Trainee: 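My structure is below; once you've seen it, I'll send some questions.
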Number of protein chains: 2
Amino acid sequence: MRQGYGRGQGRGHRWGRQLESSGIRPTLARELVFSVMESSEGHLSVEEVLQEVRKSEEGIGLTTVYRSLELLHSNGLVKKLDFGDGRAVFELSDTLSGKGPHQHLICRSCGQVQDLTGSPVDKEDFAGSMKSFIREKYRFTTENMEIKVYGLCSECG
Amino acid sequence: MRQGYGRGQGRGHRWGRQLESSGIRPTLARELVFSVMESSEGHLSVEEVLQEVRKSEEGIGLTTVYRSLELLHSNGLVKKLDFGDGRAVFELSDTLSGKGPHQHLICRSCGQVQDLTGSPVDKEDFAGSMKSFIREKYRFTTENMEIKVYGLCSECG
DNA sequence: CTGATAATGAAAATCATTTTCATTCTAGTG
DNA sequence: CACTAGAATGAAAATGATTTTCATTATCAG
Ligand SMILES: [Mn+2]
Ligand SMILES: [Mn+2]
Ligand SMILES: [Zn+2]
Ligand SMILES: [Zn+2]
């Protein structure tokens with residue numbers, strides 16, 4: 001479609017100062033991808049993000065969506081998850097979504113993914129003691145701890 | 001490579017009665033795959049299992065290793081893991097290995113995977129309270145809980 | 001405005017895993 | 001022992017998500 005990156009927003013892009021400066025440009029595609037992530041509750045596959053993005057701008061390419069999501073991910077704006085079905089899914093970062101740290105429940109029957117919040121593992125003291133245990137015993141520096149719970153959702157019960 | 005399944009062991013296959021009966025046959029390939037898993041400490045990719053297996057029997061095919069591992073996995077003899085590098089890795093089941101339940105530390109620098117044992121999450125009461133919390137709040141029946149810790153190993157510190 | 005550099009999209013390439021299919025084995029059965 | 005239905009195997013082809021390549025287009029500092 002070749003028609004200018006930022007058409008529409010101009011500069012008002014709301015996705016972080018980190019990206020401004022350092023040669024990373026706020027383009028329409030990136031803006032749209034971020035916007036989709038921002039306005040979506042759930043966990044989206046690349047293909048799903050593409051569909052959403054194309055509702056606003058027909059000609060956006062799959063490759064660009066891959067690249068935009070990767071960019072947002074490597075800059076901490078979105079999380080990249082893998083629930084074992086052979087494709088990545090993305091969701092807005094915990095801080096941006098306001099959800100705070102959370103884990104996931106994955107139904108092995110219908111595949112539904114559900115956020116798990118307020119569990120013992122979210123508690124600061126738990127995470128803390130876990131990290132120090134790991135450092136003491138293994139000299140391993142924990143950066144990120146990810147928990148996935150597999151089972152049956154209420155539907156598939 | 002076409003020369004008889006069980007050559008070597010005959011029946012003495014030590015991999016569970018579950019497989020006997022029900023038409024599942026103890027073949028040489030399966031025996032070798034299981035044997036490799038049994039005598040290996042770590043976490044092996046399919047390709048690595050293939051290499052090991054071929055040290056004993058040249059002609060074993062990659063497809064068969066995939067199928068054997070899948071068979072062992074679906075019968076609970078081996079665990080199938082994914083550390084996010086785009087390929088599955090396998091390890092002997094917790095009961096067969098004697099390791100008991102454990103989690104993993106993954107170094108994001110060198111990729112090394114290390115077993116994590118004795119952490120708070122292994123404690124029975126923790127797992128129990130976690131499961132009941134999840135059941136109460138989400139009506140979700142927990143079958144399996146998996147924890148991965150990403151960070152830097154002692155080498156890459 | 002212009003040039004250097006970044007971004008884009010289509011198509012091709014990767015790469016792990018799965019499927020297909022013709023061939024070979026196995027475990028009975030008589 | 002001779003036979004057979006069904007299981008297992010391996011090579012090759014197919015899949016499918018993600019990445020790479022490359023020619024084209026857009027951005028923006030000067
Ligand atoms: Mn989530
Ligand atoms: Mn392990
Ligand atoms: Zn379900
Ligand atoms: Zn390391």
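On a predicted model such as this, the values are computed, not experimentally measured, just so you know. In what follows, every chain begins at residue 1, and chains take the letters A, B, ... in the order their sequences are listed. Hydrogens, waters and symmetry mates are skipped; everything else that's a heavy atom, side chains included, is used.
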Trainee: Think R25(A) has a side-chain N or O under 4.0 angstrom from the OP1 or OP2 of dA26(D)?
Mentor: no
Trainee: Identify which one of L77(A), L96(A), L92(A), V78(A) satisfies the side-chain contact (heavy atoms from CB on, under 4.5 Å) criterion when paired with E38(A).
Mentor: L92(A)
Trainee: Is there a salt bridge (Lys or Arg N to Asp or Glu O under 4.0 Å) between K55(A) and E52(A) once you walk through the steps?
Mentor: CA-CA 5 Å; K55(A) 286 179 181 172; E52(A) 288 305 309; 3.0 Å; yes
Trainee: Please list, one pair per line, the donor and acceptor atoms closer than 3.5 Å that link side chains of residues 148-157 of chain A to other protein atoms, with sequence neighbours excluded.
Mentor:
{"from": "K148(A)", "atom 1": "NZ", "to": "D82(A)", "atom 2": "O", "distance (Å)": "2.7"}
{"from": "K148(A)", "atom 1": "NZ", "to": "E146(A)", "atom 2": "OE2", "distance (Å)": "3.3"}

Trainee: How close or far is atom P of dC25(C) from atom CD1 of I60(B), stated in whole angstroms?
Mentor: 12 Å
Trainee: What residues, two or more places apart in sequence or in another chain, satisfy side chain to side chain donor-acceptor pair (under 3.5 Å) together with R54(B)?
Mentor: none
Trainee: Could you give the NZ-to-C1' distance, from K80(A) to dT19(D), as a whole number of Å?
Mentor: 11 Å
Trainee: Just the rounded figure in Å: distance from P of dT9(D) to CG of L50(B).
Mentor: 13 Å
Trainee: Rounded to whole Å, please give me the gap between OH in Y66(B) and P in dC15(C).
Mentor: 13 Å
Trainee: Report yes if some heavy atom in the side chain of T142(B) is under 4.5 Å from a heavy atom in the side chain of R135(B); otherwise report no.
Mentor: no
Trainee: Got a salt bridge between E47(B) and R87(B), using NZ or NE/NH1/NH2 to carboxylate O under 4.0 Å?
Mentor: no
Trainee: Looking only at side-chain atoms of R87(A), point me to the closest of dA17(D), dT8(C), dT9(D).
Mentor: dA17(D)
Trainee: Checking contacts here: which listed nucleotide (dA10(C), dT9(D), dT18(C)) is nearest the side-chain heavy atoms of R67(B)?
Mentor: dT9(D)
Trainee: Per the end-axis method with five pairs at each terminus, what is the bend angle of the helix from dC1(C)-dG30(D) to dG30(C)-dC1(D), to 10°?
Mentor: 20°
Trainee: Does a side-chain heavy-atom distance below 4.5 Å link E91(A) with L81(A)?
Mentor: yes
Trainee: What's the closest nucleotide to the T64(A) side chain, out of dT18(D), dG9(C), dT20(C)?
Mentor: dG9(C)
Trainee: If you pin T63(B) and D85(B) to their nearest nucleotides in DNA chain C, which one's is more 5'?
Mentor: D85(B)
Trainee: I need the CG-P distance between L71(B) and dT17(C), as an integer number of Å.
Mentor: 17 Å
Trainee: Rounded off to whole Å, could you give me the CZ-to-C1' distance for the R30(A) and dT8(C) pair?
Mentor: 10 Å
Trainee: Measure from CD on E47(A) to P on dT18(D) and round the result to the nearest Å.
Mentor: 9 Å
Trainee: Please state how far atom CG in L69(B) lies from atom C1' in dG10(D), giving the value in whole angstrom units.
Mentor: 16 Å
